[in-house]
There are 2 protein chains.
Amino acid sequence: MDNYLSSVKNSCKLLKIFLNAPKELGVSELSRKLELSKGAVHKLLMTLESEGFIKQNPLNKQYSLGYTLLELGNKVLKNHNLVDFAKPYLQRLSEKTKELVCLCIIDGKDAIYVDKIDSKHPIRFNAEEYRRFPLYATSAARAILAFHDREFIDEVLADDLITFTPYSITESRMMQDRLEEIRKNGYEISSNLRNVGATGIAAPIFDAYGKVPASVSVIGPTDRMTPYQEQWVRELLQITREISQELGYREGR
Amino acid sequence: MDNYLSSVKNSCKLLKIFLNAPKELGVSELSRKLELSKGAVHKLLMTLESEGFIKQNPLNKQYSLGYTLLELGNKVLKNHNLVDFAKPYLQRLSEKTKELVCLCIIDGKDAIYVDKIDSKHPIRFNAEEYRRFPLYATSAARAILAFHDREFIDEVLADDLITFTPYSITESRMMQDRLEEIRKNGYEISSNLRNVGATGIAAPIFDAYGKVPASVSVIGPTDRMTPYQEQWVRELLQITREISQELGYREGR
DNA sequence: AACGTCGTTCTCATATAGAGAACGATAACA
DNA sequence: TGTTATCGTTCTCTATATGAGAACGACGTT
């Protein structure tokens, strides 16, 4: 750690601890998780609180994330014009399939669902919106990963493949084959990846540079998806083709 | 600035600059706005980028807010159980009035809309969701402010009252009278506060401690609201009474 | 009543933050 | 096509802010 501002890095890490923790945390607990002295953590919290990034509960003295983060997060969404751009297309797809429709983007070696339209069915799956997860872990993410450089893919698959259900692929070699298939077909179908009993169909969005920054996916219970599988693939590919074109993508270079 | 970590404070200020700025900003511009050397700002950005709080556009070298902020902002929402709690009540109110229904909370000397259900009418107003604004500036906020300590109110009104339309109250004295009226009636109606031609009706939510942490409001075009004014007030007060009770509030102590 | 743990405050040696100059790259202009 | 201005980035260096650690009072438990 030579080039970075250590206290800033600590403050970022502190905030991120809250992502996988209960709503409120105390100084001592944060101090342990950060491996930093209590005094230092306290000063961090005081500073972050003065800027609205952290809030202290006066009743139990514990700390939680502040509302300034809500503003900043919302600004991130507004900045990302693809979300507004794709909205009407997602809505069309949602009306046709009546299933959960998601817009997924790449960020570093992770994927994030940045928009979704819920299924109209009483039985349905929920996408973990705005949550970060690995690029190999869902169909939506794979549809993005498959169309990146071999070099980048290798880098992503070099990490241990974390699985969320017993059905997931854990072998880097098998994943490579899978991605090859996605490139061949132009879309991805898989079941039981993130939730057992769920099937996802996903297709990439190409931008003007031929890059794939995002994907659109349809997700639903497997038994409801299977009968319509081919139809939903057609609809999905139609939608992603339209979005890609409007982003300036020209097929075949 | 003695008790605070200066670099952390700077990093917070840096992030907040983006709230009222274009999507992307350069080092030099940020350096000017922060009144910090370019070198220092660059190191700040490098650190924030390494944690996903900032993203650099490789094409023009400019910086924008990172997706980690999206995750954190979403976590803030999930933490705030009032949002989930109030959702069904807001929906009921939305179905009855067909107008924009908002849930507004207090944060320091500001108010924030944390949830909304859009109007079904083709002509409608938009609430600036997740945006921070002064406690005197909208009917929803005033319905909260009115039920706070005289001391706190004085503190809020001591600042210069920023106005968004020519019709707003700018005199602290007049605002005090207005708040007195809200306390007497138990709700607030006002027009042309934030948008010309809009009327808002708002009522406070009381918690188990008798405090007012939030309000519910109905907002629509004045000419469409006026005929139903009394009816919407009744519906609104019914809803806020139910929410308050479920939060543990007992009327009359 | 004694103990453990909490959040907070304090001191102090040391690592580090931030100013400022210099860099190459790029864009604007004549 | 040079010239100039401005950009993002890198570097050095010293004053300073940082973070460890001990000590504090306040709770809650045993």
Side-chain angles (χ1 to χ4, degrees), chain A residues 1-18 21-66 79 107-108 208-209, chain B residues 1-18 20-67 79 107-108 208-209:
Chain A
M1 316 290 168
D2 205 15
N3 252 332
Y4 294 128
L5 304 185
S6 63
S7 64
V8 173
K9 204 160 181 87
N10 285 336
S11 69
C12 292
K13 292 225 168 82
L14 188 153
L15 292 172
K16 287 206 260 186
I17 286 177
F18 283 92
K23 176 180 172 178
E24 296 183 333
L25 292 170
V27 173
S28 301
E29 199 164 358
L30 288 167
S31 150
R32 267 177 260 122
K33 296 200 180 191
L34 275 174
E35 297 175 29
L36 221 63
S37 72
K38 275 204 295 180
V41 170
H42 185 254
K43 227 187 290 187
L44 268 175
L45 287 166
M46 294 282 289
T47 310
L48 290 169
E49 189 183 20
S50 75
E51 295 291 331
F53 284 62
I54 281 285
K55 236 180 124 50
Q56 186 177 35
N57 181 343
L59 298 175
N60 59 10
K61 304 284 190 179
Q62 295 218 310
Y63 295 88
S64 60
L65 296 176
N79 282 349
D107 183 46
Y209 309 100
Chain B
M1 316 291 166
D2 205 16
N3 251 331
Y4 294 129
L5 304 184
S6 64
S7 63
V8 173
K9 205 159 181 86
N10 285 335
S11 68
C12 291
K13 291 224 168 82
L14 187 154
L15 292 172
K16 287 207 261 186
I17 286 176
F18 284 92
N20 297 299
K23 177 180 173 178
E24 296 184 331
L25 292 170
V27 172
S28 301
E29 199 163 358
L30 288 166
S31 151
R32 268 177 259 122
K33 296 200 180 191
L34 276 174
E35 297 175 30
L36 221 65
S37 72
K38 276 203 295 180
V41 169
H42 185 253
K43 229 189 285 187
L44 268 176
L45 288 165
M46 294 283 287
T47 310
L48 290 169
E49 189 182 21
S50 75
E51 295 290 332
F53 284 62
I54 281 285
K55 237 182 124 51
Q56 186 177 36
N57 181 342
L59 298 176
N60 59 10
K61 304 285 189 176
Q62 296 218 312
Y63 295 88
S64 60
L65 297 175
Y67 292 102
N79 282 349
D107 183 48
Y209 309 98

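Chain letters run A, B, ... following the sequence lines, proteins first, then strands; residues in each count from 1.
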Can you give the donor-acceptor pairs under 3.5 Å from side chains of residues 52-66 of chain B to other protein atoms, not counting sequence neighbours?
unit_1   : atom_1 : unit_2    : atom_2 : d
Lys55(B) : NZ     : Asp107(A) : OD1    : 3.3
Gln56(B) : NE2    : Lys61(B)  : O      : 3.0
Gln56(B) : NE2    : Tyr63(B)  : OH     : 3.2
Asn57(B) : OD1    : Leu59(B)  : N      : 2.9
Asn57(B) : ND2    : Glu24(B)  : OE2    : 2.9
Asn57(B) : ND2    : Asn60(B)  : OD1    : 3.4
Asn60(B) : OD1    : Gln62(B)  : N      : 3.0
Asn60(B) : ND2    : Glu24(B)  : OE1    : 2.9

For residues 25-40 of chain B, which side-chain N or O atoms pair as donor and acceptor with protein atoms under 3.5 Å away, sequence neighbours left out?
unit_1   : atom_1 : unit_2   : atom_2 : d
Ser31(B) : OG     : Leu36(B) : O      : 2.7
Ser37(B) : OG     : Ala40(B) : N      : 3.2

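Partners of Thr47(A) under the side chain to side chain donor-acceptor pair (under 3.5 Å) rule, at least two apart in sequence or in another chain, do not exist in this structure. Every residue two or more places apart in sequence or in another chain that forms a salt bridge (Lys or Arg N to Asp or Glu O under 4.0 Å) with Glu51(A) is listed here: Lys9(B), Lys13(B), Lys16(B).
Note that the CG atom of Leu5(A) and the CG atom of Leu48(B) stand 8.0 Å from one another [nearest 0.5 Å]. Atom SG of Cys12(A) is separated from atom CG of Leu44(A) by 10.0 Å, given to the nearest 0.5 angstrom. Annotation: the span from Glu49(B) atom CD to Met46(B) atom CE amounts to 7.0 Å, rounded to 0.5 Å. Going from atom OG of Ser7(B) over to atom CG of Leu14(B) covers 12.0 Å, rounded to the nearest 0.5 Å.
Rounding to whole angstrom units, CG of residue Leu48(A) and P of dT18(D) are separated by 12 Å. Distance Leu45(A) CG to dG7(C) P: 10 Å, rounded to the nearest Å. Spacing between atom CD of Glu49(B) and atom C1' of dG8(D) amounts to 13 Å, rounded to whole angstrom units. The distance between atom NZ of Lys43(A) and atom C1' of dG7(C), rounded to the nearest whole Å, is 15 Å. In this entry the distance linking CG of Leu34(B) with P of dG8(D) reads 14 Å, nearest Å. Atom OH of Tyr4(A) is separated from atom P of dT9(D) by 12 Å (rounded to the nearest Å). A straight line from CG of Leu36(A) to P of dG21(D) spans 11 Å, rounded to a whole angstrom. Straight-line distance from the CE atom of Met46(B) to the C1' atom of dG18(C): 16 Å, rounded to whole Å.
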Discussion item. Counting primed atoms plus P, OP1 and OP2 as sugar-phosphate and everything else as base, spell out the protein contacts along nucleotides 23-30 of chain D at 4.0 Å heavy-atom distance: B, S or - for each nucleotide, 5' to 3'.
Written reply: --------

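Contact annotation: Ser6(A) side-chain N/O to dG19(D) OP1/OP2 distance is under 4.0 Å. For dT9(D), one of the phosphate oxygens OP1 or OP2 lies less than 4.0 angstrom from a side-chain nitrogen or oxygen of His42(B).
For DNA chain D, the residues of residues 24-33 of chain B within the heavy-atom distance limit of 4.0 Å (strictly under) are Gly26(B), Val27(B), Ser28(B), Arg32(B), sorted by number. For DNA chain D, the residues of residues 50-64 of chain B within the heavy-atom distance limit of 4.0 Å (strictly under) are Gln56(B), Lys61(B), Tyr63(B), sorted by number.
Across all strands shown, Ser7(B) has heavy atoms under 4.0 Å from sugar-phosphate atoms exclusively, and none from any base.
Where the helix from dA1(C)-dT30(D) to dA30(C)-dT1(D) starts and where it ends, the local axes point in directions that differ by 40°; five pairs per end, rounded to 10°.
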